[in-house]
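Structure record follows, encoded as structure tokens.
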Amino acid sequence: MINQKPRVRFAPSPTGYLHIGGLRTALYNYLFAKNTGGQFVLRIEDTDRNRFVEGATEQLIDVLKFIGLEDFEGPGNEGDFGPYIQSERLEIYHDHANQLIENGHAYRCFCSQERLLNLREEQQKQKLPQVKYDKHCLYLSDEVKKQKFESGESFVVRLNIRPGIKVIFNDIVRDRVEFDRDTIDDQVLIKSDGFPTYHLANVVDDHLMKITHVIRGEEWLTSTPKHVILYEAFGWELPKFAHLPLLLNPDKSKLSKRQGDVAVEDYLAKGYLKEALINFVALLGWSAGEQKDFYTLNELIQKFTLERVHKAGAVFNVEKLSWLNAEHIRAKSIDELLNYVKQELPNTKYKNGNYPDAYLKSAIESMKERLNFVTDIFEKSFYYFEPPTSYDEAIVAKRWKERSAELLLKLAEAFEMIDEPTKENFEFALHTVAEKNEVGNGQLIHPLRLAISGIGVGPGVYDIVLTIGKDETIRRIKSAVETIKFE
RNA sequence: GGCCCGUUGGUGUAACUGGUUAACACGUCGCCCUUUCACGGCGAAGAGUACGGGUUCGAGUCCCGUACGGGUCACCA
């Protein structure tokens with residue numbers, strides 16, 4: 001057991017999307033597994049039939065694979081401990097529940113919803129410190145139990161918590177955590193529909209799947225003593241626990257839908273790169289202890305340790321995510337970016353345009369450092385995809401002077417003469433025209449930018465000219481001269 | 001309310017087993033570069049480590065208490 005390779009699991013319930021907190025949990029499990037040479041297991045916890053969402057499991061797996069955590073043992077990649085979908089393991093849970101009933105660690109409870117409700121109300125009225133099941137069915141006589149069971153009366157199976165010493169366990173993130181046994185309720189293990197609850201299923205599966213480290217969100221910390229008691233009841237060795245700090249809304253409450261996007265799919269749809277998402281989420285609750293923020297998945301794998309996981313919850317700060325996204329864009333090669341751009345092009349109004357790869361690459365080259373999202377290229381530098389149809393009024397007012405039209409026409413003539421279209425030649429031509437007409441370069445540069453792009457910001461003018469080409473530049477100059485009036 | 005966990009600039013984090021003026025990044029502001037914008041560079045403001053005690057020559061680091069925040073108390077995970 002000592003030198004066993006770690007086995008960890010990400011055990012989401014298929015809700016229809018991957019929660020950003022789920023991504024973080026999955027990532028830490030994955031990083032830990034990869035870092036230690038262990039195995040990352042994916043298990044689908046679909047024991048709540050009321051929340052069944054068609055196709056959710058497939059969707060979850062797709063997103064996980066897309067984002068780069070594709071190397072898992074689980075559905076579609078069976079190992080020796082399947083099935084990996086809990087709804088396909090019902091018999092296993094029943095066998096184990098029965099085992100617990102036999103040795104007295106669990107019992108059948110026939111109480112109606114109504115009685116449970118009344119009990120709860122009653123206890124609340126009495127201002128009891130805590131609402132707990134009263135073990136009513138544990139104390140039924142054997143005959144009554146037998147009779148109810150055999151007559152097919154609906155029941156649940158409850159864990160029988162007995163008085164005893166404190167439940168103490170060690171958490172890798174939080175060190176020692178302890179709970180009094182009498183604060184623990186007789187948790188339902190098997191629901192009346194025959195499905196197990198999370199508590200039973202997770203313990204049984206973690207044991208059977210030989211999970212060595214349970215790495216999950218802090219919201220599970222308070223139910224961990226129940227799990228510890230279950231391990232005890234089965235006589236199983238305890239896995240190591242690591243409860244991760246929560247991801248928080250700006251107001252410090254648990255990250256939720258109400259206060260912004262929470263699905264990984266949403267962020268992907270908005271144009272965040274998976275690299276940025278991984279990088280950002282990894283830093284929420286962990287750091288390598290170095291003064292650096294940019295990491296690739298491989299670097300994270302090399303650096304990750306559970307010991308360096310932080311204890312306090314972390315606010316999800318979209319601004320830093322956006323910065324990281326821009327950083328990851330800048331780190332990509334032009335060819336990689338070309339793929340993204342071509343992938344997105346059909347979703348834009350320029351889908352019918354014809355843009356050769358070399359053209360797009362030139363445009364990307366000039367815009368790379370100015371993009372926060374790859375799709376920004378279609379907005380911020382629309383002029384690469386269509387000629388300007390209007391001219392920014394503020395820029396016109398500021399840069400379009402009395403002689404601008406005349407000078408631009410002369411510039412167009414000079415451009416016309418250029419045989420070899422290079423940045424240097426365009427620049428030289430502009431300088432020459434400026435000199436001959438005794439004006440500063442700015443008198444040409446700014447009107448030129450306005451004429452060919454319609455706006456006042458963007459890459460260097462010569463870069464734009466080079467990308468759209470000599471002929472198109474001249475066309476745009478002529479068109480601008482006709483449209484823009486000096487006032 | 002009970003129980004559990006937490007608390008370093010606005011945000012994410014750093015600060016080896018206690019040892020000099022608490023570091024880095026995002027964000028903000030300013031300057032430089034660029035006849036634009038962005039990138040980049042430089043600099044600034046912003047916490048004295050929730051608060052109060054204690055231990056110690058010395059505490060963000062250890063102990064106790066308080067406050068505040070969060071999580072959890074389902075036949076949901």
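Below, chains carry the letters A, B, ... as their sequence lines are ordered, and counting in each starts from 1.
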Quiz item: So, A:Thr422 and A:Asn425: side-chain donor and acceptor under 3.5 Å apart, yes or no?
Solution: yes
What integer number of Å spans the P atoms of B:U11 and B:A50? 13 Å
Separation of B:G10 atom C1' from A:Lys320 atom NZ, nearest Å, is 13 Å
Q.
When the C1' atoms of B:A38 and B:U21 are compared, how many Å lie between them, rounded to an integer?
A. 36 Å
Quiz item: Between A:Lys423 and A:Phe426, is NZ or CZ placed under 6.0 angstrom from the six-membered ring centre and within 45° of the ring axis?
Solution: no
Walking RNA chain B from its 5' end, the first of A:Glu319 and A:Ala288 to be reached, judged by nearest nucleotide, is A:Ala288
**Message:** Given 3.5 Å as the limit, does a donor-acceptor pair link the side chain of A:Tyr267 with the main chain of A:Asp261, or not?
**Reply:** yes
Winner on side-chain proximity to A:Leu284, out of B:C3, B:A23, B:G12, is B:G12
- Query: Hey, is CD on A:Gln126 packed in by over 12 heavy atoms from elsewhere, all under 6.0 Å?
  - Reply: yes
Protein-nucleotides 71-77 of chain B N/O pairs closer than 3.5 Å?
unit_1	atom_1	unit_2	atom_2	d
B:G71	OP1	A:Lys254	N	3.2
B:U72	OP1	A:Lys254	NZ	3.0
B:U72	O4'	A:Thr222	OG1	3.3
B:U72	O2'	A:Thr222	OG1	3.3
B:C75	O2	A:Ser192	N	2.7
B:C75	O2	A:Ser192	OG	2.6
B:C75	N3	A:Ser192	OG	3.0
B:C76	OP2	A:Lys191	NZ	3.1
B:C76	O2'	A:Asp48	OD2	2.7
B:C76	O2	A:Arg51	NH2	2.3
B:A77	OP1	A:Thr47	OG1	3.0
B:A77	OP1	A:Lys191	NZ	2.5
B:A77	OP2	A:Tyr198	N	3.2
B:A77	O3'	A:Glu45	OE1	3.3
B:A77	O2'	A:Ser13	OG	3.2

For A:Glu435, look at atom CD and say whether over 12 heavy atoms of other residues, nucleotides or ligands are found less than 6.0 Å away. no
A:His310 has its side chain closest, among B:C3, B:U8, B:G12, to B:U8
request  = May I ask you to establish whether A:Arg176 and A:Phe169 are in a cation-pi arrangement, using a distance under 6.0 Å from NZ or CZ to the six-membered ring centre and at most 45° from the ring axis?
outcome  = no
A correct 5'-to-3' footprint of nucleotides 29-45 of chain B, with B, S and - meaning base, sugar-phosphate only and no protein heavy atom under 4.0 Å, is ------BBBBSS-----
To the nearest angstrom, the CG-P distance between A:Leu248 and B:U7 comes to 12 Å
Legend entry - Distance, C1' atom - from B:G18 to B:U61, rounded to whole angstrom: 6 Å
From NZ of A:Lys166 across to C1' of B:C4 the rounded distance in Å is 12 Å
- Using the P atom as the reference point in each nucleotide, state the distance between B:G9 and B:C33 in Å, no decimals. 37 Å
Between CD of A:Glu290 and C1' of B:G12 the distance, given in whole Å, is 15 Å
Q. In whole Å, what separates the P atom of B:A14 from that of B:G71?
A. 22 Å
- Message: Can a donor-acceptor pair be found, under 3.5 Å and without considering hydrogens, that links the side chain of A:Asp182 to the backbone of A:Pro163?
- Response: no
A:Lys311 NZ to B:C4 C1', in whole Å, measures 15 Å
| task | Compute both the distance and the angle, then confirm whether A:Arg43 meets the cation-pi test with A:Phe10: under 6.0 Å from the six-membered ring centre, within 45 degrees of the axis. | result | no
*asked:* Would you measure the distance from the P atom in B:U66 across to the matching atom in B:C57 and give it in whole Å?
replied: 28 Å
Symbol by symbol from the 5' end, with Watson-Crick or G-U pairs under 3.5 Å, [ ] crossing and | another strand, RNA chain B is (((((((..((((.....[...)))).(((((.......))))).....(((((..]....))))))))))))....
- N/O donor-acceptor pair under 3.5 Å between A:Ser453 side chain and A:Leu450 backbone: no
Closest to the side chain of A:Gln291, out of B:C4, B:G12, B:A23, is B:A23
*Would you classify A:Arg308 as touching base, sugar-phosphate or nothing, given that sugar-phosphate means primed atoms plus P, OP1 and OP2, and contacts are heavy atoms under 4.0 Å?*
sugar-phosphate
Separation of B:C3 atom P from A:Glu178 atom CD, nearest Å, is 13 Å
Per the glycosidic torsion and the 90° limit around 0, nucleotide B:G48 is syn
TODO: Please state the C1' separation for the pair B:C32 and B:C39 - nearest whole angstrom.
DONE: 14 Å
Separation of B:U13 atom C1' from A:Tyr295 atom OH, nearest Å, is 10 Å
Problem - Separation of the P atoms in B:A15 and B:G60, to the nearest angstrom - result: 16 Å
Mind telling me whether A:Tyr231 and A:Phe241 have parallel, tilted or perpendicular rings, with 30° and 60° as the class edges? perpendicular
| said: Can you confirm whether the side chains of A:Tyr84 and A:Asp205 place a donor and an acceptor under 3.5 Å from each other? | reply: no
Please assess A:Asn249 against A:Lys254 for the test side-chain hydrogen bond (donor to acceptor under 3.5 Å, both in side chains), listing each intermediate value before the final yes or no.
CA-CA 6 Å; A:Asn249 291 311; A:Lys254 187 166 139 183; over 6 Å; no
For this session: Please determine if A:Lys292 forms a cation-pi arrangement with A:Tyr295, meaning its NZ or CZ atom is less than 6.0 Å from the six-membered ring centre and no more than 45° off the ring axis.
Result: yes
A:Ile172 CD1 to B:C5 P, in whole Å, measures 17 Å
